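What you see is a predicted model; the values in this text were computed from it and never measured.
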Amino acid sequence: MAWLTRFLVAVAFLAIGVIFSPETFGSKWAKLSTFLKLAHLLCFATAFGAALWVTFIGGIIMFKNLPRHQFGNLQSKMFPAYFTLVGVCCAVSVAAFGYLHPWKSSSPAEKYQLGFLAFSFLFSLTNLFIFTPMTIQLMKQRHKVEREQNIGEEVGGSKNREVAKVNPELAAMNKKFGMIHGLSSLANISSFGCLAMHSWYLAGKMNL
């Protein structure tokens, strides 16, 4: 099924949900409020789900099953799209939540939630514009050195560590790459943590 077809099917199901919702035919403010809540909920859920999958499931499966250079090249294409998606979703969530809960009239709990969403957005932007470009550049440099040593097509990083013991250039690259990649991972898990804290707030507001 083509991407456009899948998208249209999803929109069709959303339209059916709107038709059967009792709030659809309410006041103008009720319609706007429902639309903003929907935008907030869908964007939050998308960001949370994407972060959960990439951080704890997809990345680990790929690392354990793909040749290391192939894994790195795939990550270099995937992560800019991933951080863009999470950043855009967080921005929409912040905007919708901020409109529904103006700062001056919002409670302390609501202000905290707006802060969590804003920090998640900032962490994603930091990764998108700072850490990810640096990581990709270092990865390409390290791949070049590894190809000269005839490594990188294996699964896992054991050969890299073995060669690095006798290759100071590769060892220095590994150290620098590890530092930048660690900062990127920290920003990513912090963004996910902020979303996780907001999920508890949302759960407390739901009536099921």
May I have the step-by-step check of side-chain contact (heavy atoms from CB on, under 4.5 Å) for Gln113 and His101, ending in yes or no?
CA-CA 10 Å; Gln113 299 309 313; His101 305 281; over 6 Å; no
Quick check: does any side chain N or O of [X] sit under 3.5 Å from a backbone N or O of [Y], one acting as donor and the other as acceptor?
| X | Y | answer |
| --- | --- | --- |
| Glu110 | Ser107 | yes |
| Ser76 | Asn73 | yes |
| Ser185 | His181 | yes |
| Glu148 | Glu146 | no |
| Ser199 | Ala196 | yes |
| Thr132 | Asn127 | yes |
| Arg68 | Glu154 | no |
| Ser190 | Leu186 | yes |

From [X] [atom1] over to [Y] [atom2], what is the distance, rounded to the nearest 0.5 angstrom?
| X | Y | atom1 | atom2 | answer |
| --- | --- | --- | --- | --- |
| Lys37 | Leu32 | NZ | CG | 10.5 Å |
| Asn188 | Thr55 | CG | OG1 | 4.0 Å |
| Leu41 | Thr34 | CG | OG1 | 12.0 Å |
| Leu202 | Met197 | CG | CE | 13.0 Å |
| Arg6 | Trp3 | CZ | CH2 | 9.0 Å |
| Phe71 | Met78 | CZ | CE | 7.0 Å |

Please report the shortest heavy-atom distance between [X] and [Y], naming the atom on each side.
| X | Y | result |
| --- | --- | --- |
| Ala91 | Phe121 | CB-CE1, 3.7 Å |
| Ser191 | Ser120 | OG-OG, 2.8 Å |
| Gly72 | His143 | CA-CE1, 4.4 Å |

In this structure, would [X] and [Y] fall into the same cluster of hydrophobic residues linked by side-chain contacts under 4.5 Å?
| X | Y | answer |
| --- | --- | --- |
| Val88 | Phe119 | no |
| Val9 | Leu38 | no |
| Ile136 | Phe177 | no |
| Leu74 | Leu128 | yes |

State yes or no: are the ring centers of Tyr201 and Phe116 separated by less than 6.0 Å?
no
Aromatic ring proximity His40/His198, centre distance under 6.0 Å:
yes
Is there a side-chain contact (heavy atoms from CB on, under 4.5 Å) between Val94 and Leu114? Walk through the geometry before answering.
CA-CA 6 Å; Val94 168; Leu114 189 61; 4.0 Å; yes
Passing option when Phe48 is tested against Phe56, Trp53, Trp200, Phe192 for ring-ring contact (aromatic ring centres under 6.0 Å, His included):
Phe192
